[in-house]
Structures are given as structure tokens and as C-alpha cells.
Amino acid sequence: MGVLAQANLRLDANVVDYVLLAFYFVLVLGIGYLARRQVSTSLDFFLSGRSLPAWVTGLAFISANLGAIEVMGMSANGAQYGMPTAHYFWIGAVPAMLFLGIVMMPFYYGSKVRSVPEFMLRRFGKPAHLVNGISFAVAQILIAGANLFLLATVVNLLLGWPIWVSVILAAVIVLAYTALGGLSAAIYNEVLQFFVIVAALVPLTFVGLYKVGGWQGLVDKVTASPGGAEQLNSWPGNELTGFGNNFLSVLGLVFGLGFVLSFGYWTTNFVEVQRAMASKSMSAARRTPIIGAFPKLLIPFIVIIPGMIAAVTVTELVQFKGGADVEGVDYNYALLLLMRDLLPNGMLGIAIAGLLASFMAGMAANLSSFNTVFTYDIWQSYIKKDKPDGYYLSFGRLVTAAGTILAIGTAFIASSYSNLMDYLQQLFSFFNAPLFATFILGMFWKRMTATAGWTGLVSGTLAAIGVFILAETGVWDLPGQGASFIGAGAAFVVDVAVSVAVTYATQPKSEAQLVGLVYSLTPKDSLKHSDTGEDSGWYRKPGLLAGIVLAITIVLNIIF
């Protein structure tokens with residue numbers, strides 16, 4: 001990785017930039033210190049005592065997802081594939097976020113579970129709970145490692161420090177505020193980080209568009225570049241999926257990405273759900289993902305478009321995309337290279353703070369959900385039961401530190417991918433797709449049995465790993481992100497098939513045991529939210545807000 005520190009890639013930061021960065025870090029640690037004063041029980045540490053307003057959890061919801069992966073990964077995708085990347089937002093996020101707010105949140109919030117694996121425990125019993133707890137914990141450490149690797153890359157470019165030094169320094173800062181203030185510290189920092197990220201990326205987009213001669217100038221340059229005009233329309237997205245056939249490409253996007261990967265991520269990923277669970281009421285919990293969907297619609301314009309601009313203006317990237325082997329350059333650096341070329345000092349400091357903010361938001365989200373699941377769902381459930389609450393609070397802080405050390409190790413796995421989005425979609429196909437299948441079946445089909453819960457989960461994961469091995473060994477030629485879309489589809493289908501087969505061979509639970517866990521057996525009143533007092537007003541109605549978001553999404557898909 002030493003090549004990255006070559007002078008031609010070094011960002012030319014000066015004193016003003018470093019002062020802005022130092023101020024930002026002091027602010028982040030200060031928030032962690034202040035949040036510590038509100039932490040007296042384990043519920044405060046892991047779920048913020050369920051006391052936060054909807055606008056705070058809504059912004060944290062979207063900021064937790066605006067990690068390095070989103071900002072660097074999506075701009076890398078923008079540079080490589082162009083506008084089809086918008087599918088990750090308009091097909092691969094928004095519909096699932098609305099479904100979470102309208103259908104799933106009343107279940108989660110109403111049943112008072114503290115985590116997604118805890119829902120699995122009540123619905124399917126211990127084996128499914130343990131499988132889910134372990135697979136989720138592993139996934140969070142792998143994803144935290146990817147965030148950490150990108151964070152270290154930026155520090156390396158900025159200061160020229162070796163990657164391993166940068167990895168450790170970055171990890172220590174995130175650990176400090178997450179271990180101090182728990183989820184509240186992570187959430188308040190995520191709200192701050194959301195504004196810092198936007199303040200960094202909006203000017204970069206406008207300056208970039210000005211440089212290429214506005215939107216029309218970008219269209220002309222992209223049309224003339226490798227990949228051509230296909231990069232300007234989001235459909236059918238053949239470059240992204242790796243399919244030559246338009247119909248297969250659209251099917252892969254709608255079923256693989258839009259349904260399995262997207263619903264799997266947004267509705268069962270505890271990193272996101274945890275933010276909504278920290279809300280102060282059922283209505284606020286339902287509005288959390290819907291409020292988050294508004295900025296989610298617009299984020300493509302500040303991450304994908306800078307990537308596309310970088311691919312046609314940054315000399316090294318133009319050569320790299322044209323097929324030349326440029327030492328130390330790949331798509332992951334699109335955003336950094338554009339900042340290097342376009343931003344004056346001062347603005348550069350804000351932009352770097354924005355990037356570091358996005359990585360820290362992502363990593364803190366991974367760590368705060370990892371410590372909750374590991375402490376509650378693995379340690380408290382199977383190893384040390386019935387200890388006083390103070391024990392679990394202290395243990396949660398220890399687990400946060402252990403998770404950070406493990407993430408330092410997994411950062412080096414992430415470093416072997418030239419486009420980190422490929423790596424992440426692989427992980428989601430392993431862990432989220434089968435979980436979603438088990439979850440949806442268990443929620444809507446009361447006959448499904450406990451044995452089917454864990455056997456479906458394990459076989460779905462194995463199916464996705466099988467597709468990954470076939471693609472990696474060249475048995476199945478799947479360029480682009482096609483392997484993860486097919487892997488996700490395979491995981492889903494295999495999980496459902498195994499679950500159905502096992503269900504009919506085993507004994508179901510009684511209906512009385514499933515009240516509050518299966519849709520048809522849950523009293524409708526317990527799924528309703530109040531619409532008086534703090535929850536009154538038309539602008540606080542989840543259904544109406546969701547309708548507005550859906551209408552905008554359809555319009556954007558038609559325009560692009």
C-alpha cells in the first residue's frame with residue numbers, strides 16, 4: 001500500500017485544514033463524554049433508554065448507512081458504472097425503508113425486543129437465535145474492517161503515515177466515543193456527521209459540474225468515455241449486473257437487489273433497526289426510516305455524480321478506466337482524487353472531515369450493534385446468565401474494545417478488493433439475504449417451526465457461499481456485481497425451500513406462544529401508534545410521509 005503515499009496522490013492540506021480537522025475530532029470526543037453522563041443502565045448504553053425524538057433517530061438512521069462504503073464505494077461505482085449505481089438507492093433502499101417503517105417497526109417496537117436476534121429467539125428458539133447472533137456479529141466485524149481500511153487510507157494520503165499506524169489511530173478514536181457514551185454517543189455523532197458529510201459533498205459536486213461545463217458537459221464527456229452513453233441511464237444497468245441480456249439484468253436488479261438484498265439489509269439489519277428502536281414512541285419509531293428516506297433519495301446526486309466527474313476529469317482515473325495500469329490508483333480513490341484536483345484549502349479540510357465523519361459513522365454503527373448483539377444475545381443468553389445489570393454494562397464496554405481489535409484484523413481483508421462495493425454486496429448476500437427469507441416466512445406463516453428457522457438460515461448462507469466460490473474459481477463467469485445478486489437470490493430461494501420442507505416434517509409451536517410474533521396472531525391494537533400530543537399533525541403520519549417518498553422515487557426512476 002506504500003504506493004498510495006506517492007506525492008502525486010498526497011492531498012495538499014495546510015494549517016487551516018488541520019485546525020478544522022482537530023476541531024472536529026475534539027467535538028466528536030466531547031459528544032461521547034457528554035453522552036456518558038446519561039448512561040446509568042445497560043438499556044441506556046445499548047438502546048439510549050428509548051428516549052430520542054424521530055428527527056434525531058431519522059438522521060442517525062441514514063447517517064449510520066452513510067459510512068465509508070456508501071460515500072467511497074458509491075462514488076467508486078459511479079466512476080466505474082455511472083448512473084445505474086442509483087439503483088442502490090431508488091430500487092435497493094427506499095422501498096425497503098418504507099416497508100420497515102409501515103409494516104415491520106410496529107412489530108419490533110411493540111414486542112420490546114432489544115435486538116433482531118432476540119426476535120429470532122422468541123419466534124424460533126435457541127438454535128436459530130445462536131446462528132443469527134453469531135453470523136450477525138461476524139458480519140459487523142467484517143464491515144467495520146472495511147470502514148476502518150478506508151479511514152486509514154485517507155489518513156495515509158493526508159499525512160503519509162503507514163496504513164497500519166492509520167488503522168490503529170482511527171480505531172482508537174471511534175472506540176473512545178462508542179465505549180464512553182454507548183448508542184447515544186454514536187447517534188448524536190451520526191447526526192453531526194450527517195451535516196458534515198453533506199457540507200463536504202455538495203460544494204464538491206457543484207465545483208465538479210462547473211469544471212466539466214454543467215450537466216450537458218458531463219453528458220458529452222461520459223458519452224465519449226469508455227462505457228459510453230449507457231452510463232447515463234439507470235436502466236437496464238447491464239454494466240452493473242454483468243448480464244448481457246436486458247431482461248436478466250432488470251430481473252437481477254429488481255429481484256436480487258431491489259427485493260432480496262435491499263429488504264434483507266434494511267428490515268433485518270440491526271445496525272439500522274437499532275436506531276429506530278431508540279425512538280421515544282411507536283409513532284417516532286415508524287417515522288424514523290421514512291424520515292431517513294427523504295435524504296436517501298438525494299444522496300446519489302452528491303456521491304455518484306462526483307464519481308462520474310472524476311472518471312472523465314482526473315488524469316490517472318481516465319487512464320485507469322481506459323485500461324492502462326496506473327500504479328496505486330483504482331476506483332475507490334475517485335472522490336479523493338477529485339478533492340485533490342478541485343478543492344482549495346479550508347474547503348479541503350471540511351471535505352476531509354466529511355470523509356472521516358462518514359467512515360467513523362459507519363464503523364461506530366457497526367461497533368454499537370456488535371456490542372449489543374454480542375452482550376445480550378450471546379454472552380447473557382448462553383454464557384453468563386442472571387448477572388446484575390452493571391456487569392453487562394461493563395462487559396458491553398469491553399466487547400466494544402474487543403470488536404475494535406478484531407476490526408483492525410479484518411481491515412486487511414478489505415484491502416484486497418479494488419472496488420469495495422463488490423466486497424460488501426458479497427457479505428450482504430451471505431448474511432442478510434437468508435436472514436430476510438427466514439424472517440419474512442416466520443412473521444407471516446404461523447405453521448413454520450423452530451427447526452425450520454435455523455436449518456433454513458444455515459442452508460441459505462451455504463448456498464450464497466457456494467455461488468461466491470463458483471464465481472471466484474471461474475466456473476461461473478459473473479463480472480460486475482452479478483455474483484452477489486445471484487448469490488442473494490440463491491440464498492433466498494434455498495432458505496425458503498429448506499424451511500418449507502423442514503416445517504412439514506417437524507412440529508409447530510402452539511398459537512398461544514406466537515402472539516405478538518406472527519402477523520395474523522397479533523392483536524391489531526398493539527400495532528397502532530398514538531396520533532395525539534407529540535405525535536399529532538399531518539406531517540407526523542407515517543403513511544402519508546411514505547406515500548410522498550414513493551411518488552418522488554417513481555418520478556426519479558422515470559427521469560433517469
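- Minimum heavy-atom separation, T503 to S499: OG1-O, 2.7 Å.
- Nearest heavy atoms, A93 versus S262: N-OG, 3.7 Å.
- Considering only residues two or more places apart in sequence or on other chains, A546 meets the side chain to side chain contact (heavy atoms under 4.5 Å, CB included) condition with L98, I102, I290.
- Judged as a salt bridge (Lys or Arg N to Asp or Glu O under 4.0 Å), the pairs with a partner in residues 506-520 (not counting sequence neighbours) are, in order, K446-E511.
- Under the rule for a side chain to side chain contact (heavy atoms under 4.5 Å, CB included), the partners of I465 that lie at least two apart in sequence or sit in another chain are F430, T461, I469.
- Residues forming a side chain to side chain donor-acceptor pair (under 3.5 Å) with T473 (at least two apart in sequence, or on another chain): none.
- Shown here are the side chain to side chain donor-acceptor pair (under 3.5 Å) partners of T506, two or more places apart in sequence or in another chain: T449.
- Legend: residues meeting ring-ring contact (aromatic ring centres under 6.0 Å, His included) with F194, ordered by chain and number and at least two apart, are absent.
- For T375, there are no side chain to side chain donor-acceptor pair (under 3.5 Å) partners two or more places apart in sequence or in a different chain.
- In this view, L470 and V475, W476 satisfy the side chain to side chain contact (heavy atoms under 4.5 Å, CB included) rule, not counting sequence neighbours.
- T404 pairs by the side chain to side chain donor-acceptor pair (under 3.5 Å) definition with nothing, not counting sequence neighbours.
- Applying the ring-ring contact (aromatic ring centres under 6.0 Å, His included) rule to F370 yields the partners F374; only residues at least two apart in sequence or on another chain are considered.
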Would you tabulate the side-chain donor-acceptor contacts of residues 383-391 under 3.5 Å, counting partners in other chains and residues two or more places apart, or write 'none'?
from : atom 1 : to   : atom 2 : distance (Å)
D389 : OD1    : S42  : OG     : 2.6
D389 : OD2    : S42  : N      : 2.8
Y391 : OH     : W379 : NE1    : 2.9

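- Scanning for side chain to side chain contact (heavy atoms under 4.5 Å, CB included) contacts around T267 gives F99, L100, M104, F263, F436, with sequence neighbours left out.
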